[in-house]
Peer 1: 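Okay, handing you the structure first.
These numbers come from the heavy atoms of this one structure, side chains and all, not from hydrogens, waters or symmetry mates. Counting starts at 1 for both ligands and their atoms, following the listed order. All of these numbers come straight from a predicted model, not from anything done at the bench. Positions are given from 1, in the same order as the sequence printed here.
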Amino acid sequence: MKPDIILVEPMMPEIETDLDAAYRVHRLFEPKDARRIDEIAGQIRAVVTGGGAGLDNEWIDRLPSLGVIAVNGVGTDRVNLEKARARGISVTTTPGVLTDDVADIGMALILAVLRQVTNGDRLVRSGGWAEGGSLPLGTSLKGKRLGILGLGQIGRALALRGEAFGMNVGFYNRSPLEGFAWRKAATPAELARESDILAVCVAGTAATRNMVDGAVLDALGPEGVLVNVSRGSVVDEDALIDALREGRIGAAGLDVFVGEPRIRPEFQTLENVVLAPHQGSATVETRRAMGRLVLENLSAFFAGREPPTDILKAR
Ligand code: 8YV
């Protein structure tokens with residue numbers, strides 16, 4: 001008999017087809033499956049979820065046989081790792097395969113803000129251009145200082161893209177990093193002070209919550225641009241909304257939000273933000289590669305082998 005697994009959010013159809021071939025998949029986003037979950041909760045050994053969705057403590061408690069939480073993403077901020085470790089539950093992610101696409105969205109947001117890509121689209125679409133309307137002049141990327149907050153894989157990939165656009169790269173990293181020629185800042189505020197664009201790439205964890213606070217935003221200054229491709233939690237959104245409203249920073253490009261997809265409504269009315277629906281890894285190629293890693297982790301687990309990208313391996 002096929003093992004029962006829970007799927008928290010939809011995946012690419014071809015990946016879901018492969019999941020269906022190997023498992024009895026109970027989809028939490030299908031009301032008919034969700035209603036009957038209690039009947040099979042005891043036999044669920046695997047949950048597949050997204051980085052943004054994770055798996056609540058209550059769910060972990062409801063699933064006594066749970067052995068693996070396979071995250072279709074790299075962020076584990078929505079999974080209680082200590083609880084998983086204590087229960088002997090593996091937590092797997094999809095490292096490496098999404099790095100470039102997330103960095104691309106970072107670059108897209110920088111371009112969209114500085115070169116007013118979305119404002120231009122709105123002007124043309126509304127007929128405003130035909131009626132003689134025009135955009136104010138934009139800002140060149142070349143020569144601007146790009147500050148990378150968190151020089152992990154995604155941060156490095158964005159730094160390289162910035163360099164290719166003629167930007168001058170600096171970074172802040174919590175743990176000391178040697179061997180990078182880019183300007184190194186001692187604190188997030190120092191990086192912000194020395195940046196025209198501050199790009200948040202650091203993982204969202206308890207330790208990085210509100211790392212970008214009012215003081216960091218003030219250090220970025222009235223011409224500064226904040227870009228976030230990591231997690232909403234890294235930025236104090238109250239402080240960000242105030243700073244955008246009061247012109248204490250220039251603009252923001254955001255792919256991630258606290259409480260997404262139901263984001264703070266203020267963001268939708270502010271003129272100086274470009275908004276994206278957490279689409280960093282959302283390409284066919286990357287979602288396929290991520291899905292394959294999820295499938296590999298599941299098949300290893302059900303075959304009694306160690307899942308290849310178990311982040312709690314060393315327990
Ligand atoms: C995905 C992510 O959008 O990797 C992550 O942590 O948040 C994104 O890549 C997400 O995991 C899919 O739900």
Side-chain angles (χ1 to χ4, degrees), residues 5-16 18-19 25 27-30 46-56 59 68-81 84 90-109 149-158 161 199-209 211 227-235 237 253-263 275-298 307-312:
I5 69 166
I6 284 180
L7 181 60
V8 174
E9 63 177 29
M11 296 177 75
M12 278 178 88
E14 67 180 56
I15 301 295
E16 288 202 28
D18 287 358
L19 283 174
V25 183
R27 293 170 167 80
L28 284 194
F29 50 94
E30 299 278 7
V47 171
V48 179
T49 187
L55 192 68
D56 293 347
W59 271 109
V68 62
I69 301 170
V71 177
N72 185 38
V74 290
T76 52
D77 50 312
R78 306 288 311 219
V79 177
N80 183 336
L81 298 181
S90 296
V91 177
T92 68
T93 59
T94 61
V97 293
L98 48 68
T99 307
D100 287 316
D101 278 348
V102 177
D104 285 351
I105 281 290
M107 211 59 225
L109 289 170
L149 191 69
L151 199 66
Q153 291 188 42
I154 293 168
R156 290 170 210 180
L158 184 55
R161 283 157 176 72
V200 180
C201 301
V202 68
T205 64
T208 62
R209 182 173 304 277
M211 184 182 247
V227 165
N228 190 358
V229 293
S230 160
R231 283 291 186 264
S233 64
V234 180
V235 177
E237 288 191 343
L254 306 171
D255 188 44
V256 286
F257 306 84
V258 173
E260 60 184 51
R262 279 172 286 281
I263 68 169
L275 306 172
H278 196 149
Q279 63 191 98
S281 68
T283 65
V284 169
E285 295 83 352
T286 289
R287 286 289 167 84
R288 180 175 289 141
M290 290 163 69
R292 294 266 150 248
L293 270 176
V294 166
L295 287 161
E296 278 172 40
N297 277 301
L298 290 180
T309 64
D310 183 356
I311 60 163
L312 302 180

Peer 1: Considering only N or O atoms, set out every pair between ligand 1 and the protein closer than 3.5 Å, with distances to one decimal place.
Peer 2:
from     : atom 1 : to     : atom 2 : distance (Å)
ligand 1 : 3 (O)  : Ser281 : OG     : 3.4
ligand 1 : 3 (O)  : Arg287 : NH2    : 3.0
ligand 1 : 4 (O)  : Val74  : N      : 2.7
ligand 1 : 6 (O)  : Val74  : N      : 3.3
ligand 1 : 6 (O)  : Gly75  : N      : 2.7
ligand 1 : 6 (O)  : Arg231 : NH2    : 2.8
ligand 1 : 7 (O)  : Arg231 : NH1    : 3.0
ligand 1 : 7 (O)  : Arg231 : NH2    : 3.2
ligand 1 : 7 (O)  : His278 : NE2    : 2.8
ligand 1 : 9 (O)  : Ser281 : OG     : 2.8
ligand 1 : 11 (O) : Gly51  : N      : 2.7
ligand 1 : 11 (O) : Asn72  : O      : 2.7
ligand 1 : 13 (O) : Glu9   : OE2    : 2.3

Peer 1: Test of understanding: with side-chain contact (heavy atoms from CB on, under 4.5 Å), list the residues that count as partners of Thr99, not counting sequence neighbours.
Peer 2: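 Scan of Thr99 (side-chain contact (heavy atoms from CB on, under 4.5 Å), adjacent residues dropped) gives Gln153, Ile154, Ala157.
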Peer 1: Measure the spacing between CG of Leu98 and CG of Asp104 and express it to the nearest 0.5 Å.
Peer 2: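 The CG atom of Asp104 is 11.5 Å from CG of Leu98, to the nearest 0.5 Å.
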Peer 1: Please enumerate all residues that pass salt bridge (charged side-chain N to carboxylate O under 4.0 Å, His left out) together with Arg287, with sequence neighbours excluded.
Peer 2: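 Scan of Arg287 (salt bridge (charged side-chain N to carboxylate O under 4.0 Å, His left out), adjacent residues dropped) gives none.
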Peer 1: Who pairs with Ala46 by side-chain contact (heavy atoms from CB on, under 4.5 Å), at least two apart in sequence or on another chain?
Peer 2: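 side-chain contact (heavy atoms from CB on, under 4.5 Å) list for Ala46, sorted by chain: Ile5, Val68, Leu298, Phe302.
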Peer 1: Against Ile105, only a single residue in Val256, Asp255, Leu158 fulfils side chain to side chain contact (heavy atoms under 4.5 Å, CB included); can you say which?
Peer 2: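 Result for side chain to side chain contact (heavy atoms under 4.5 Å, CB included) with Ile105: Asp255.
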Peer 1: Heavy atoms only: give me the nearest Arg78-Gly52 pair and the separation to one decimal.
Peer 2: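 Of all heavy-atom pairs spanning Arg78 and Gly52, the closest is CG-O, 3.3 Å.
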